[in-house]
Visitor: 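Handing you this structure, nothing more for now.
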Amino acid sequence: MRIKSQVAMVMHLDKCIGCHTCSVTCKNTWTNRPGTEYMWFNNVETRPGTGYPKRWEDREYFKGGWVLKNGKLQLKAGGPISKLMNIFYNPDMANLEDYYEPWTYDYLNLIDSPSVENLPVARPQSMITGEYIDKPEWGPNWDDDLAGGSDVVSQDPTVEKLQEHISMEYEKTFMMYLPRICEHCLNPSCVASCPSGALYKRDEDGIVLVDQEECRGWRFCMSGCPYHKVYYNWNTHKAEKCNFCYPRTEAGLPTICSETCVGRIRYIGVVLYDADKVKAAASVEDPKDLYESQLDVFLDPFDPEVIKEAKKAGINDEWIEGAQNSPVYKMAMKWKIALPLHPEYRTLPMVWYVPPLSPIMNHITNEDELSTDGYIPAVDQMRIPVEYLASILSAGDTGVIRKVLLKLTAMRVHMRGKTVGGVDGFRQSELLKQADTTPEELEDMARLLGVAKYNERFVIPTGRREMDDNLYYAQGACSLEDIAPPEGMVTYPFFGKGE
Amino acid sequence: MKEIFLWVIFPYITVTIMIFGLLYRFAYRQLTWAAPSTEFFEKKWLRIGSPLFHWGIVLAFIGHIMGMVIPRGFYLWLGIPDWLYHVGAIYGGGIAGLMVVAGLIILFIRKMVIDKVRIHATFADFFTIIALLVVAGMGAYMTIIYNTTVNEYEYRTTIGPWFRSLFYFQPKYELMASVPTLFKVHILAAFALFASIPFTRLVHFYSIPVNYPSRAPQQYRSRAQYQK
C-alpha cells in the first residue's frame, strides 16, 4: 500500500445557474496576462454544445487520454517513441481556431472621437495581432444557453454518438451547465505526455502542476489531456494549467472558483488513495467498469489500518481528520452520488459531478396525490436524457445515472414529506429500495447538498509548511515567487522582447 | 596572421560565446528556455515546413559527422573508395540540403505572411532563420552544384583534420589555406551561427528530451523536495 492524499472537488450540477462567476474570478486571478487571454482554467459550458475548445470530447480527432491496447494501458496519441518522432509538429494539437481569438474593444475611440454625426463605436480588436476584427465569429461561451441553436448542438460529439435519440426528441430541448476545471487526475495523461518531465503530481495534495522552468514548450500535454485543460502560453512558450489555486488551498482556503460560486455548488475535501492500485484501476477491460474500479482505489479514512499506514507515509493528523470530514469522500465514495467526468478516458479524474435532476418530461400535475412510488417512472422521463448524462459521467452506463437520480429524487420526496407531510410509507417504498438508501442517509445528503455552511463544504487542511527550509523567508512571501513568470512578460537577453 | 584569426581565434571565440551564453541562459534565464513554437497560431504550413527542415537538419548533422569527424582513413579501412564516398555524400547530403532549404523557405515565408506569426516574431527569430538559410543554402549549393560541376573537393584531407584538431587544441590552421572560398565562408558563417545560439530560439537544440522514453510515465514531486 502506498497511501497518498489528494485534494478533490465535487460540483453539484443541480445548483449551477450558469452565471460564470467562477470563470471570471479565475480569469482575473490567473489568466489576465499577455499570452493567456484565451485560457480559461475554469470554464462553464452549456450542454449539449461543442464546449471549449470546440469539440474537445472528440477523441478520435485530438487523441487525448489513455486507451487499452492488448490489455496494456497506453497513451492514445502514442508512447514516447512516437512522440519523439512527432516532436517537430504535433498533429493532434488544438490551435487558436479551436479555442477562439481573444479580442478587446477600441474603447479609446469613444473618448478620443471628435464631434461626429453618428455615435462613435468601439470596434473589436484582436488581442493577438492588435488588428480590428470586423466580425468575431466565435468566442468564450458563444453557444451559451443553446444560443448556437441546432447548428452547434448537432456538433456536440456526445450528441453525435447518441444521434438518433436526441434528434428525435429535439423539440423537447434540454440543457445543463457543465463547469470544468483541471481534473487533477490520479493517472494524468498530460504528465505522461510531457517529454521534458515538467508536469508532475504533487505528493502532498495530488495537484498537477507545470514546472515553468523545466517546460520546453513541446505541447504534447495540450493534446495529451483529453479534457483540454492544459494551455500553451504563446508569449512565454510554456504550458499553463489550473493549479487548484494551491497558494489558497495551502492556506486552507477554497479555490477562487469555489469561494466565489454563487450557487454554492462546489465542495472541496481530501481523499486518501492507494497509488499502487491506480494503474490496475485504469486498465480494466470494460470502460463501464472504470467508475467502480476508480472507487476501489480510495481508502476508508476511518479504518485504523489505513490511518496507521497513512501516518507511516507521512500524512499528518490534520490531513487524516480532513479526509474523515471530507465532503468529497461522503458524496463520491460513501453515498456515490457524485460521478467522474468521462471515466472512459482512463485518467481517473478527481473532479466529481452530482448529475442534475431536470424537469420531468410528462409534467407531473397531480403531485399532491402522487404516491411515493409514482416518482420512479418520473426519473426515467427526465428532460435531460439519461443516455446523455451517462455518456458524459459514466461511460454510457445508464444504470449508474439512474441510481443517482433515484437517490436524489428520494431525498426530495423524503424531505418534502418531512416538511409538508403527505408521504406515506416512505420507509417501505419501492423508491427507497431502488435508490438503495435509508432516510437517515438522505437527511445527511440533504444537509450537505442544501444547507451546508462554508466550513462543511470546504474541508481543506493547510499545506505543511513545517518542512520549509526557511520559514522566516516564507512569512509574508508570495507562494509563486521565483516560480511563475513575472506578469507573463519574459525578456530575452540581448534580443529583447519588451513590453 | 589572418589565417590564425580565421581558423584558430574565431572558432574558439564563437564556441566560447556559445558555451558561456548557454550557461548564463540556463542559470539565469531558465524561464525563456523553450522551443518557441507557433503551431498554436498556424498549423497548415508548419506541418510541411517544420518536419522538412528539422529532419533535414538531423540528416545534415549526421552527414557532417561522417565528413568532418570520421577520418578518410577509416573509410578506406572499411574498403569504401573515395568515389563511392562522394557519390553517397552528394546524394545523401543533397537530399538533406534540399530538405533544409525547402523547409526554411516555407518557414520563412510563413513567418512573414501569417500575421499572427509575424507580429510575435522577434528580431532574433528573423536573424536565426536568415542565418540558417545562408549557411544551409551555401552547404546545399556546395554539395549539389559545386561538387558536381566545378570540382569534387576532397574536404576530408583539409577541413576534416583541421576541424578535429580544434578539439585537441592543436589547430592545424595551415590546412585551410588551400580550401575554396565558398567552403571557407560556409564554415565561418556556421561558427558565427553557433555564437548566436544562446541568444535565439536555437537553444531548444540543447533540450532534446532523450531520456523521455526511459523515465516513469507518472511523475510525483513532493513540495518539500522540490524546494531543495
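Computed from a predicted structure; not experimentally measured. Side chains are part of it too, since the values below use all heavy atoms of this structure and drop only hydrogens, waters and symmetry mates.
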Visitor: Heavy atoms, side chains only, cut-off 4.5 Å: are Glu37(A) and Thr31(A) in contact?
Guide: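 They are not in contact (no side-chain heavy atoms under 4.5 Å apart), so the answer is no.
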Visitor: Would you say the side chains of Arg201(B) and Thr128(B) form a donor-acceptor pair under 3.5 Å?
Guide: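 Judged by distance alone, the side chains do not pair up.
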Visitor: Would you mind checking if Glu42(B) and Lys116(B) are paired as a salt bridge, meaning a charged N to carboxylate O distance below 4.0 Å?
Guide: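 No, no charged N to carboxylate O under 4.0 Å.
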Visitor: What do the steps show when you test Phe183(B) against Tyr146(B) for ring pair (Phe, Tyr, Trp, His ring centres under 6.0 Å), and what is the final call?
Guide: CA-CA 10 Å; Phe183(B) 284 72; Tyr146(B) 186 89; 5.5 Å; yes
Visitor: So which part of Ala239(A) gets closer than 4.5 Å to some heavy atom of chain B, the side chain, the backbone, both or neither?
Guide: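 Contact with chain B involves no heavy atom of Ala239(A) at all.
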Visitor: Is it the backbone or the side chain of Asn90(A) that comes under 4.5 Å from a heavy atom of chain B, or both, or neither?
Guide: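 Interface part for Asn90(A): both.
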Visitor: As an exercise: rank Gly21(B), Gly49(B), Pro213(B) by heavy-atom pairs under 4.5 Å with chain A and give me the winner.
Guide: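 Heavy-atom pairs under 4.5 Å are most numerous for Pro213(B).
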Visitor: One thing to verify: whether Asp203(A) and Arg221(B) come together as a salt bridge, which I'm taking to mean a side-chain N less than 4.0 angstrom from a carboxylate O.
Guide: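 No, Arg221(B) and Asp203(A) are not salt-bridged.
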Visitor: Salt bridge or not for Lys54(A) and Asp98(A), using N-O below 4.0 Å?
Guide: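 Salt bridge between Lys54(A) and Asp98(A), a charged N being under 4.0 Å from a carboxylate O: no.
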Visitor: Using heavy-atom distances under 4.5 Å, tell me whether Tyr38(A) contacts chain B through its side chain, its backbone, both, or neither.
Guide: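 Contact with chain B involves the side chain of Tyr38(A) alone.
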Visitor: Establish, from distance only, whether the side-chain atoms of Arg110(B) and Thr38(B) form a donor-acceptor pair under 3.5 Å.
Guide: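 On atom types as modelled, these side chains qualify, holding a pair under 3.5 Å.
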Visitor: Between Glu97(A) and chain B, which part of the residue has a heavy atom less than 4.5 Å away: side chain, backbone, both or neither?
Guide: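 Nothing of Glu97(A), per the 4.5 Å heavy-atom cut-off to chain B.
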Visitor: Examine whether an atom of Ile207(A) lies under 4.5 Å from a heavy atom of chain B, and if so say whether it belongs to the side chain, the backbone or both; otherwise answer neither.
Guide: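 No part of Ile207(A) comes within 4.5 Å of chain B.
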Visitor: Heavy-atom cut-off 4.5 Å, strictly under: side chain, backbone, both or neither for Lys279(A) against chain B?
Guide: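 Contact with chain B: none, neither part.
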Visitor: Between Asn187(A) and chain B, which part of the residue has a heavy atom less than 4.5 Å away: side chain, backbone, both or neither?
Guide: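 Both the backbone and the side chain of Asn187(A) come within 4.5 Å of chain B.
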Visitor: For Leu209(A), is it the side chain, the backbone, both or neither that has a heavy atom under 4.5 Å from a heavy atom of chain B?
Guide: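 Contact with chain B involves no heavy atom of Leu209(A) at all.
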Visitor: Of all of Gly206(A), Pro80(A), Ser196(A), which one pairs up most often with chain B through heavy atoms under 4.5 Å apart?
Guide: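 Most heavy-atom pairs under 4.5 Å with chain B: Pro80(A).
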Visitor: Of all of Gly197(A), Ala94(A), Pro91(A), Pro188(A), which one pairs up most often with chain B through heavy atoms under 4.5 Å apart?
Guide: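 Among the listed options, the one with the most contacts to chain B is Pro188(A).
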Visitor: Indicate whether the side chain of Arg25(B) and that of Thr32(B) have a donor and an acceptor atom separated by less than 3.5 Å.
Guide: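 Indeed, the side chains of Arg25(B) and Thr32(B) share at least one donor-acceptor pair under 3.5 Å.
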Visitor: Would you call Arg202(A) and Glu250(A) a salt bridge, taking side-chain N to carboxylate O under 4.0 Å as the test?
Guide: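 Salt bridge flag = yes for Glu250(A) with Arg202(A).
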Visitor: What part of Arg47(B) gets within 4.5 angstrom of chain A, counting heavy atoms only: side chain, backbone, both, or neither?
Guide: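 Contact with chain A is through both the backbone and side chain of Arg47(B).
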Visitor: Using a cut-off of under 4.5 Å for heavy-atom pairs, which of Ser37(B), Pro51(B), Ala35(B) has the most such pairs with chain A?
Guide: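 Of the candidates given, the most pairs with chain A belong to Ser37(B).
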Visitor: Considering only heavy atoms and a distance below 4.5 Å, find which of Gly130(A), Gly79(A), Ser126(A), Cys194(A) pairs most often with chain B.
Guide: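 Maximum pair count with chain B is reached by Cys194(A).
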